[in-house]
Visitor: 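Quick one: the structure is below, and I'll ask about it shortly.
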2 protein chains.
Amino acid sequence: MRTRSDQLGSPRLLRVMNERLLLDHLLVRGPASRADLAKITGLSKPTVSAALAGMEDSGLVHLAGEVLGRPGPVTSLYDVTAGAAHIGAVDIGRDWIRVAVADLRGRFVGRKDGRNAAKNSEDLVSRVRELAQAAAGQAGLPWTSVITAVVGSPGVYDKDADRMIFAPNLPGWEGSGLGDRLRTALGVDVTIENDINLAALGEHAYGAGHGIANFALVSIGTGVGMGIVVNGELYVGARGAAGEVSFLPAPEPVPADDDTLRHGLTESLAAAPGVVRAARAAGLHLDTAKEVFTAAAEGDPAALEVVHAEGRRIGGLIVAVASVLDPELVVLTGGVGHNLALLGDAITSRFAELGPLRPRVVASTLGDSGVLLGAVARALSQAWDHIFDLRQSGVQPRQSGVQYGMSR
Amino acid sequence: MRTRSDQLGSPRLLRVMNERLLLDHLLVRGPASRADLAKITGLSKPTVSAALAGMEDSGLVHLAGEVLGRPGPVTSLYDVTAGAAHIGAVDIGRDWIRVAVADLRGRFVGRKDGRNAAKNSEDLVSRVRELAQAAAGQAGLPWTSVITAVVGSPGVYDKDADRMIFAPNLPGWEGSGLGDRLRTALGVDVTIENDINLAALGEHAYGAGHGIANFALVSIGTGVGMGIVVNGELYVGARGAAGEVSFLPAPEPVPADDDTLRHGLTESLAAAPGVVRAARAAGLHLDTAKEVFTAAAEGDPAALEVVHAEGRRIGGLIVAVASVLDPELVVLTGGVGHNLALLGDAITSRFAELGPLRPRVVASTLGDSGVLLGAVARALSQAWDHIFDLRQSGVQPRQSGVQYGMSR
DNA sequence: ATTAGTTCGTCAGGAGAGCGAACTAATGTC
DNA sequence: GACATTAGTTCGCTCTCCTGACGAACTAAT
């Protein structure tokens, strides 16, 4: 909460806090009059007026309408100027790269997806730049008008060494200087975060975890991962590796492949390749986890058996997580995880065996866009901090080198 | 951060924030002059003077000395008046009840331990009251001068239902109305918290976890439990059951006793009874875990083998925890856990097999007093919030019904 | 058409808080 | 004894907020 501004406890801090309070209400509840805001926030009417005037000067809010037909003067409604600044969101996946530009309300104003065929990190970075500029173009903006960008990627980003670790699926991605290269290519402030962590944040801001302060998102697809939201904020642990449940010791014997040591333990059982392996062992001639689930949905007994066993594994994983975190809710996602309808019974049957810790489990509501939406949520909170930091230190928007208002 | 006072962003908030800032520095760095404080905090000299004057009026700080022998006027040193208020800390264990009264700096000014021979919760509550009054008496205070008390107990406290759950070791403890009864018996604000959670908090405030924002304390003794500190604060999960790792699915087959279902899974293997069972199975005629560790320390090969296996189980547990939380540090405690010297090699050998997540592991430095010290830390932070809430709402200490200053 | 009532927003006055700069006073140093 | 150094205060100014009064505008009822 404490900003790193020069002035710690000066009167301007009050103004900034109150401005932020008003803005929060406008963001959540939509346009409102000064009188409404005074009632809602508990601030006095003059204070509300002054704060709104200040924000109007810097282009953060604007007159958004009037209400007639009531006793008294015409009521002016203020609203957030969503287009006063824009942020970038990037989702780098194994097969796809997705880039979006969003306004201050978090709505996409431009979006561009592209295949990821990069052979090394240079290719990948320049591909991201292309897509970023295309996405900005869709919104009729130059990419340079983006204040800050958040990039989601598999793996754990080591800030000190400026490199990615645990990201074997992206060629060349584990080299150093990654953040620098992205920053240079995109020309803006860039934050790198694990993709599944961002998906959890997205689910918190816009999806199944909305309004829930403590929950975990468990993703089961090509790999196994988890993102954790604690007290409404992303929890990443001491080195950013929180939620790397692929390394959770598995509760059943692991087939002794070479795989198991490199890819951890739970992962090799519960992730998609484990499902395929189990299906083969059951005599099914199927190549992907998706096919297994389709077969199960059609009633194939062997596939149902495989899915049931998978559900029990997931149930065990969730209980393990719940015994540590006691989340209010667990959101399931990923190529395997999103089949909650087929897995649900097996998961709850496993819960029953493992004691009283039974968090509510629901499927993700955001699907493919979860990571991107999480990146938006994260970038927005950074953008607000940035904007209000400038306001607190008294920088006038017109004179400032950093542009965050529209040019009128 | 946001207090629930009437006045949200009034100028008084600034004063309270700055007073708190000054007080924090005095608590951490000891007595200081106004000029020192101005330099350290970045506040102006007049502001520091005014804030100190205000706090001196309400008895929170006082002149604590002078510095001569330097150019300029005699320097007055201010310090926190530790005795301006007192808090209570209670540790209810299966065998012992410990009660302490501490001053605002967290130092015990009175302490009384007593055996827990209570047959039901009424007995227990009145025993706590006896000990509380005795502890206050030691400090020459009436127990009523205690502002707030924090009670640590095994189990999970369900605030809504006002009852304890998962506390099979304390007879009658799971009945409802527990908080009410404690509040009535002690006559103060009472907070109930799981004992191991408090031990984690104690370790954070005064022990091995000092200054570490993200860590977990794992206790292995009669049972298995964990307390989690996230961002410097206790994390208890959605229903207060975070860290109930006794329900973590065990990675090895569990002997099929009736026990196992009732006491969870990891617990029945890793806790003290599991060690004794393993020792018996190895042909050792020993009755307690302590005897097993003593035998191992003397070089008994069978006991060493049992201890090694136990260390590997603990290592697995820690990796499971680390794969979810990625803590910077894991503190081990409890009758079994504190034998880190004997267990360490086995733990690290297990780490090596289970992947790259290897948190630093250290033994608790607080021992038996950990829970009590955690209760002190928790009660102190509540006391400060309480004191400054009053100050912000403008209550004058002398007129106030709530006394938090000494009566002069 | 007039009047009463309601509501939005501003104005004016007062108080609390913070800061910088000048100032006082005490002490050491040359 | 002159000068530098330092702690703390006083003063003037700015910023912020709040309360209460007020003006303006619009509806609804007579």
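Sequence lines set the chain letters: A, B, ... in the order given, protein chains first and strands last, and positions in each chain run from 1.
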Visitor: Taking the side chain of B/S33 as heavy atoms from C-beta outward, which of D/dT16, C/dT7, D/dG8 is closest to it?
Guide: D/dG8
Visitor: Is there a side-chain polar atom (N or O) of A/S10 under 4.0 Å from OP1 or OP2 of C/dC19?
Guide: no
Visitor: Testing B/V80, B/D79, B/L104 for side chain to side chain contact (heavy atoms under 4.5 Å, CB included) with B/L27, which one passes?
Guide: B/V80
Visitor: Can you tell me how far P of D/dT10 sits from CZ of B/R34, to the nearest Å?
Guide: 11 Å
Visitor: Closer than 4.0 Å, any side-chain N/O of B/S76 to the OP1 or OP2 of D/dG8?
Guide: yes
Visitor: Once you apply the 3.5 Å cut-off to both distances, tell me the Watson-Crick or G-U wobble partner of D/dA21, or none.
Guide: C/dT10
Visitor: Rounded to the nearest Å, what distance is computed from the CD1 atom of residue B/I40 to the P atom of nucleotide D/dA7?
Guide: 12 Å
Visitor: What's the CE-P distance between A/M17 and D/dC17, to the nearest Å?
Guide: 10 Å
Visitor: Within this structure, what is the CG-to-C1' distance between A/L37 and D/dC18, rounded to whole angstrom?
Guide: 17 Å
Visitor: Among C/dC19, C/dG9, D/dT16, which nucleotide sits nearest the side chain of B/P11?
Guide: D/dT16
Visitor: Just the rounded figure in Å: distance from P of C/dG18 to CG of B/L52.
Guide: 12 Å
Visitor: I'd like to know if the side chain of A/D162 and the backbone of A/D180 have a donor-acceptor N/O pair within less than 3.5 Å.
Guide: yes
Visitor: Any strand counts, and the cut-off is 3.5 Å on both contacts for Watson-Crick or G-U wobble. Which nucleotide pairs with D/dT10?
Guide: C/dA21
Visitor: Looking at B/N18, does any N or O in its side chain come under 4.0 Å of the phosphate oxygens OP1/OP2 on C/dG18?
Guide: yes
Visitor: Between A/R70 and C/dT6, does any side-chain N or O lie under 4.0 Å from OP1 or OP2?
Guide: no
Visitor: Quick one: does any side-chain atom of B/T148 pair with a main-chain N or O of B/A383 as donor and acceptor, under 3.5 Å?
Guide: no
Visitor: Take a 6.0 Å sphere around CZ of B/R105 and say whether it holds more than 12 heavy atoms from other residues, nucleotides or ligands.
Guide: yes
Visitor: Report yes if a side-chain nitrogen or oxygen of B/T47 is closer than 4.0 Å to either non-bridging phosphate oxygen (OP1 or OP2) of C/dA17; otherwise report no.
Guide: no
Visitor: Tell me which of B/A50 and B/K45 sits closer to the 5' end of DNA chain C, going by the nucleotide each one is nearest to.
Guide: B/A50
Visitor: So A/V74, base contact, sugar-phosphate only, or nothing? Heavy-atom distance under 4.0 Å.
Guide: sugar-phosphate
Visitor: Rounded to whole Å, please give me the gap between CZ in A/R12 and P in D/dC13.
Guide: 20 Å
Visitor: Round to the nearest Å and state the distance from B/L21 atom CG to C/dA17 atom C1'.
Guide: 15 Å
Visitor: Remember a base hit wins even if backbone is also touched, and classify A/S44 as base, sugar-phosphate or nothing at under 4.0 Å, heavy atoms.
Guide: base
Visitor: Tell me if a side-chain donor or acceptor on B/H204 pairs with a main-chain N or O of B/I212 at a distance below 3.5 Å.
Guide: yes
Visitor: Ignoring backbone atoms, test whether A/R15 places a side-chain nitrogen or oxygen under 4.0 Å from the OP1 or OP2 oxygen of D/dC17.
Guide: yes
Visitor: Tell me whether the OP1 or OP2 atom of D/dT9 has a side-chain N or O from B/S49 closer than 4.0 Å.
Guide: yes
Visitor: Take atom CG of A/L14 and atom P of C/dC19, then tell me their distance rounded to the nearest Å.
Guide: 12 Å
Visitor: Any side-chain to backbone donor/acceptor pair from A/E328 onto A/N214? Under 3.5 Å, distance only.
Guide: no
